[in-house]
Amino acid sequence: MLLDLSGVVYDGDTPIPGAVAAIARLRGEGLPIRFVSNTTRSPQRAISAQLASLGVAVDGDELFTPARAAVDWLVREGCVPQLLVHPDLVPEFAGNKFGARKAVVVGDAADAFTYAALNAAFRQLIDGAEFLALAVNRTFRDADGGLSLDAGAFVTALEFAAGKQATVLGKPARNFFHAALAGLDCQPGQAVMVGDDAESDVAGALRAGLGGGLLVRTGKYRAGDESRHAPHPSAVVDDLTAAVDWILAHRG
């Protein structure tokens, strides 16, 4: 089981009704869970603490984020990050042994997306730096309940200006889903993804070879999302509780 967090388990600091009990039900059935968030504003310890405050205890292996994937990539490829990310995410990259090559790393930097910061990233890219995008989501559900611009628009702007394609490390990248499943006795075709983003969560998971992709009508979901991106969801359900009902009914 791969579960998105924001919009599936919680909205802001508020748990979505029934979500915590649904997770407990999955655990009771013995199904391994990986929480796969595309957030690039919060460090992993903050996400774990937020889940714990809702009554969901997670260990380090159960939570997988784009920042974690980025650190793995940077260490493996011998690159030092040039960060254009939210200030809260900067500590995620500290204390690692990177190489000498440069890689521009773009996440949801929020108010740090100034012209000066974007132009500095652009200049590094045209000087030969690698280009990593933590995620390319179009929107996210903001604290005020409305949709706000996510990092995808800024990544696309830099791609256009620099003439260089970003390597995407979060959802919907195929490697992200496979890395999240690493360490489990589970082939991609035996896994199911539950998310509120039809493009990054569901279509991305199905293109990565996962056996199922469920779209919930919570979080950022808007009517008609299920038909906007291919592959289409395996099912569209009201919330995580209904998703667990579907999963257990279709369990092989």
Side-chain angles (χ1 to χ4, degrees), residues 4 36-43 64-94 96-140 142 147-180 195 197-209 220 225 228-231:
D4 185 33
V36 287
S37 174
N38 246 20
T39 182
T40 59
R41 288 193 179 188
S42 300
F64 199 72
T65 65
R68 179 173 162 184
V71 169
D72 291 345
W73 190 99
L74 291 162
V75 171
R76 182 174 67 250
E77 298 296 329
C79 291
V80 61
Q82 312 295 302
L83 298 174
L84 179 50
V85 300
H86 194 280
D88 290 347
L89 200 68
V90 172
E92 291 283 85
F93 295 87
N96 296 285
K97 293 183 178 180
F98 299 122
R101 296 165 55 218
K102 292 182 179 180
V104 171
V105 180
V106 181
D108 176 14
D111 292 340
F113 274 134
T114 63
Y115 176 81
L118 286 162
N119 198 47
F122 161 72
R123 289 181 174 182
Q124 290 166 338
L125 291 172
I126 62 174
D127 282 344
E130 299 290 337
F131 189 7
L132 303 182
L134 296 183
V136 288
N137 294 67
R138 301 172 192 271
T139 62
F140 67 97
D142 216 329
L147 293 182
S148 290
L149 275 174
D150 212 326
F154 300 95
V155 171
T156 300
L158 286 169
E159 287 181 327
F160 174 77
K164 181 177 290 189
Q165 194 78 19
T167 297
V168 180
L169 297 176
K171 296 174 287 183
R174 178 186 185 91
N175 287 344
F176 181 85
F177 294 102
H178 289 195
D197 187 319
E199 183 177 18
S200 291
D201 292 337
V202 179
L206 293 172
R207 284 196 299 269
K220 69 169 68 173
D225 281 354
R228 292 190 177 105
H229 305 284

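This chain uses plain numbering: 1 for the first residue, then up along the sequence. The model shown is predicted, which means the values in this text are computed figures rather than measured ones.
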Validation row: [X], [Y] side chains within 4.5 angstrom (heavy atoms):
| X | Y | value |
| --- | --- | --- |
| Phe113 | Val106 | yes |
| Asn38 | Pro66 | yes |
| Phe98 | Val75 | yes |
| Val136 | Pro172 | yes |
| Leu83 | Val90 | yes |

How far does [atom1] of [X] sit from [atom2] of [Y], to the nearest 0.5 angstrom?
| X | Y | atom1 | atom2 | answer |
| --- | --- | --- | --- | --- |
| Asp197 | Arg138 | CG | CZ | 9.0 Å |
| His86 | Leu134 | NE2 | CG | 13.0 Å |
| Leu84 | Asp108 | CG | CG | 10.0 Å |
| Arg228 | Glu199 | CZ | CD | 11.0 Å |
| Leu74 | Leu169 | CG | CG | 8.0 Å |
| Tyr115 | Phe122 | OH | CZ | 8.5 Å |

*Can you pull the salt bridge (Lys or Arg N to Asp or Glu O under 4.0 Å) pairs that have at least one residue in residues 116-130, sequence neighbours excluded?*
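For residues 116-130: Arg101-Glu130.
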*Considering residues, nucleotides and ligands other than Lys164, do more than 12 of their heavy atoms fall under 6.0 Å from its NZ?*
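Counting other residues, nucleotides and ligands, NZ of Lys164 exceeds 12 neighbours.
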Heavy-atom pair with the smallest gap, counting every atom of [X] and [Y]:
| X | Y | result |
| --- | --- | --- |
| Glu92 | Ala67 | OE2-CB, 4.2 Å |
| Thr40 | Ala135 | CG2-CB, 4.4 Å |
| Phe176 | Ser37 | CZ-O, 4.2 Å |
| Leu125 | Ala162 | CB-CB, 3.9 Å |
| Cys79 | Trp73 | SG-CZ3, 3.9 Å |
| Asp142 | Ser148 | OD2-OG, 2.6 Å |

*Does a salt bridge link Asp201 with Lys171, judged by any charged N lying under 4.0 Å from a carboxylate O?*
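A salt bridge is present here (some side-chain N lies under 4.0 Å from a carboxylate O).
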Scan the side chains in residues 149-161 for donor-acceptor partners under 3.5 Å anywhere in the protein, sequence neighbours excluded, and list what turns up.
residue	atom	partner	partner atom	Å
Thr156	OG1	Gly152	O	3.0
Glu159	OE2	Gln165	NE2	3.4
Glu159	OE2	Ala166	N	2.9

*Arg174 side chain vs Arg207 backbone, donor-acceptor pair below 3.5 Å*: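 Flag set: sc Arg174 to bb Arg207 pair under 3.5 Å.
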*Under 3.5 Å donor-acceptor, Lys220 side chain and Thr139 backbone*: yes
